[in-house]
Amino acid sequence: MTSTNGRPWNSNPETLATIRAYSNPSLIADRVLPYAPPIRKREFTWNRYPTETLYTMPEDGGRVGRRSAPRRVEFLKEPETGTTEDYGLSASISQEDIDAASADGESDPVLEYSYALWELVKNLREIRVAQTVFNPSTYATDHVETPTGSDLWSDPASDPLGQFLDARSRMLLKPTKAVFGGAAWLAFSTHPKIVKAVNGNSGDAGMATEEQAKRLLRVSEIAIGEAMVNTAKPRQPASMVDVWGASLLLIHQPISSAINPKSPTPAYGCTVQTGDRFAMQRPDPDASMRGGVEVRVGETVKELVQAPELGFLLHEVV
């Protein structure tokens, strides 16, 4: 691969292996919109299946006579198109820093910078996914509720479980996953009515665990967004903001092996990825007087909400 200024980019297998194995439990975007199998091109097609067609039962109940063939079922689909986009970052390391680390037996700065850049790339993905799935405009109005006044979960008189059950009853396919913003989870897990429901006590003290909440809400997974980002400008005092805020999203999502934007299996959404993650480096004569190395990491993806009707947003519950 050749850069625009003529200096070649070289793949770094060690760095690529590192970012492939990257895992940060506090980031949940990969669990909310999991990766589909990689594709080769940027442009892709995906199918929107009217959910009701998957649950329209044949009149004969599927019975097949001795001399008959099974009834054919047609999965109606609405083809859609999309394009993946590049998301990446780069940084330069001076040759002096590289040489000093080598002389002192320290870890490779090129690897460390690449890892730090990849963590920033994944944090940016976290922001994109949170802003998409927690945005009320993503859903039809009958799949969004915004509590106010005494219905806010910060009020002990509110009823978080009742609100959840109401939302659940309005979903065509019942939720398999509950996605909490950090503030929403804190309010839910410490709410006296929830603590009372899971512990069988007065509810005036304690906290519901994730396992207890899964059983109570009848979902197979709970994802709690805990990522924080600094919104201050460079060289200004840090201003940390909760990425996921105070909402709860209920979604119907199949197991990860079934995630495919063309599949008729009902799925809330996924992430389409072109090719592999990338990690490259090249000489940078301007990194310092003695030059250095520029590293670049990134991915080419599109976060896709395929079926917003398979989600229900309880928006700003605190």
Side-chain angles (χ1 to χ4, degrees), residues 23-34 126 129-130 133-136 138-139 142-229 240-256 266-269 309-318:
S23 177
N24 185 339
S26 69
L27 303 182
I28 63 170
D30 294 356
R31 296 163 60 191
V32 179
L33 294 179
E126 196 83 355
V129 172
V133 305
F134 274 9
N135 186 343
T138 300
Y139 312 96
D142 61 349
H143 274 231
V144 179
E145 287 291 342
T146 304
T148 59
S150 60
D151 287 332
L152 290 168
W153 297 357
S154 50
D155 190 323
S158 63
D159 185 9
L161 182 58
Q163 293 177 28
F164 165 83
L165 292 174
D166 176 65
R168 187 180 192 278
S169 69
R170 291 156 64 181
M171 295 179 68
L172 180 60
L173 298 184
K174 302 313 175 190
T176 59
K177 187 177 299 186
V179 183
F180 284 87
W185 169 251
L186 180 62
F188 180 87
S189 60
T190 58
H191 194 284
K193 291 182 180 178
I194 298 300
V195 175
K196 182 178 181 179
V198 300
N199 292 329
N201 59 17
S202 63
D204 59 352
M207 180 177 184
T209 66
E210 291 182 44
E211 285 300 319
Q212 288 174 323
K214 282 199 301 185
R215 290 195 296 270
L216 182 67
L217 301 180
R218 289 186 287 170
V219 294
S220 57
E221 183 180 354
I222 285 179
I224 303 170
E226 297 179 322
M228 304 288 290
V229 294
M240 305 304 292
V241 175
D242 183 353
V243 171
W244 291 90
S247 296
L248 165 63
L249 173 67
L250 308 176
I251 59 177
H252 177 89
Q253 195 79 289
I255 58 174
S256 295
Y268 167 76
E309 66 274 16
L310 299 186
F312 196 107
L313 181 65
L314 289 170
H315 185 241
E316 299 295 340
V317 297
V318 180

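As the structure is a computational prediction, the values presented were derived from the model and not from experiment.
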Using a 3.5 Å distance criterion without hydrogens, assess whether the side chain of [X] forms a donor-acceptor pair with backbone atoms of [Y].
{"X": "H252", "Y": "K174", "value": "yes"}
{"X": "K193", "Y": "S158", "value": "yes"}
{"X": "T138", "Y": "V133", "value": "no"}
{"X": "E145", "Y": "D166", "value": "no"}
{"X": "E221", "Y": "K177", "value": "no"}
{"X": "K196", "Y": "H191", "value": "no"}
{"X": "Q253", "Y": "G269", "value": "yes"}
{"X": "S26", "Y": "E226", "value": "no"}

For the [atom1] atom of [X] and the [atom2] atom of [Y], what is their distance to the nearest 0.5 Å?
{"X": "E309", "Y": "Y268", "atom1": "CD", "atom2": "OH", "value": "10.5 Å"}
{"X": "M207", "Y": "T209", "atom1": "CE", "atom2": "OG1", "value": "9.0 Å"}
{"X": "L161", "Y": "R168", "atom1": "CG", "atom2": "CZ", "value": "11.0 Å"}
{"X": "I194", "Y": "W153", "atom1": "CD1", "atom2": "CH2", "value": "7.5 Å"}
{"X": "F188", "Y": "L314", "atom1": "CZ", "atom2": "CG", "value": "10.5 Å"}

Residue pair [X] / [Y]: nearest heavy atoms and the distance that separates them:
{"X": "V195", "Y": "A208", "answer": "CG2-N, 4.4 Å"}
{"X": "M228", "Y": "D242", "answer": "SD-CA, 3.5 Å"}
{"X": "L27", "Y": "A227", "answer": "CD2-CB, 3.8 Å"}
{"X": "F180", "Y": "L217", "answer": "CZ-CD1, 4.1 Å"}
{"X": "V317", "Y": "P147", "answer": "CG1-CG, 4.1 Å"}

Inspect the surroundings of CZ in R170 and state if more than 12 heavy atoms from other residues, nucleotides or ligands are less than 6.0 Å away.
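More than 12 within 6.0 Å, yes.
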Taking the side chain as everything from C-beta on, heavy atoms only, tell me whether [X] gets closer than 4.5 Å to [Y].
{"X": "L250", "Y": "M171", "result": "yes"}
{"X": "I251", "Y": "P175", "result": "no"}
{"X": "D159", "Y": "F164", "result": "no"}
{"X": "S247", "Y": "L313", "result": "yes"}
{"X": "V318", "Y": "L152", "result": "no"}

Is it true that E210 and W185 share a donor-acceptor pair across their side chains at a distance under 3.5 Å?
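On atom types as modelled, these side chains do not qualify, holding no pair under 3.5 Å.
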Hey, which of L249, I28, I224 is the one that makes side chain to side chain contact (heavy atoms under 4.5 Å, CB included) with W244?
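Testing W244 for a side chain to side chain contact (heavy atoms under 4.5 Å, CB included) against L249, I28, I224 leaves exactly one candidate, I28.
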So, do F312 and Y139 have ring centers that fall under 6.0 Å from each other?
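No, they do not, as the ring centres are separated by 6.0 Å or more.
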With side chain to side chain contact (heavy atoms under 4.5 Å, CB included) as the test, would you mind laying out the steps for V243 and V229 before giving the verdict?
CA-CA 7 Å; V243 171; V229 294; 3.6 Å; yes
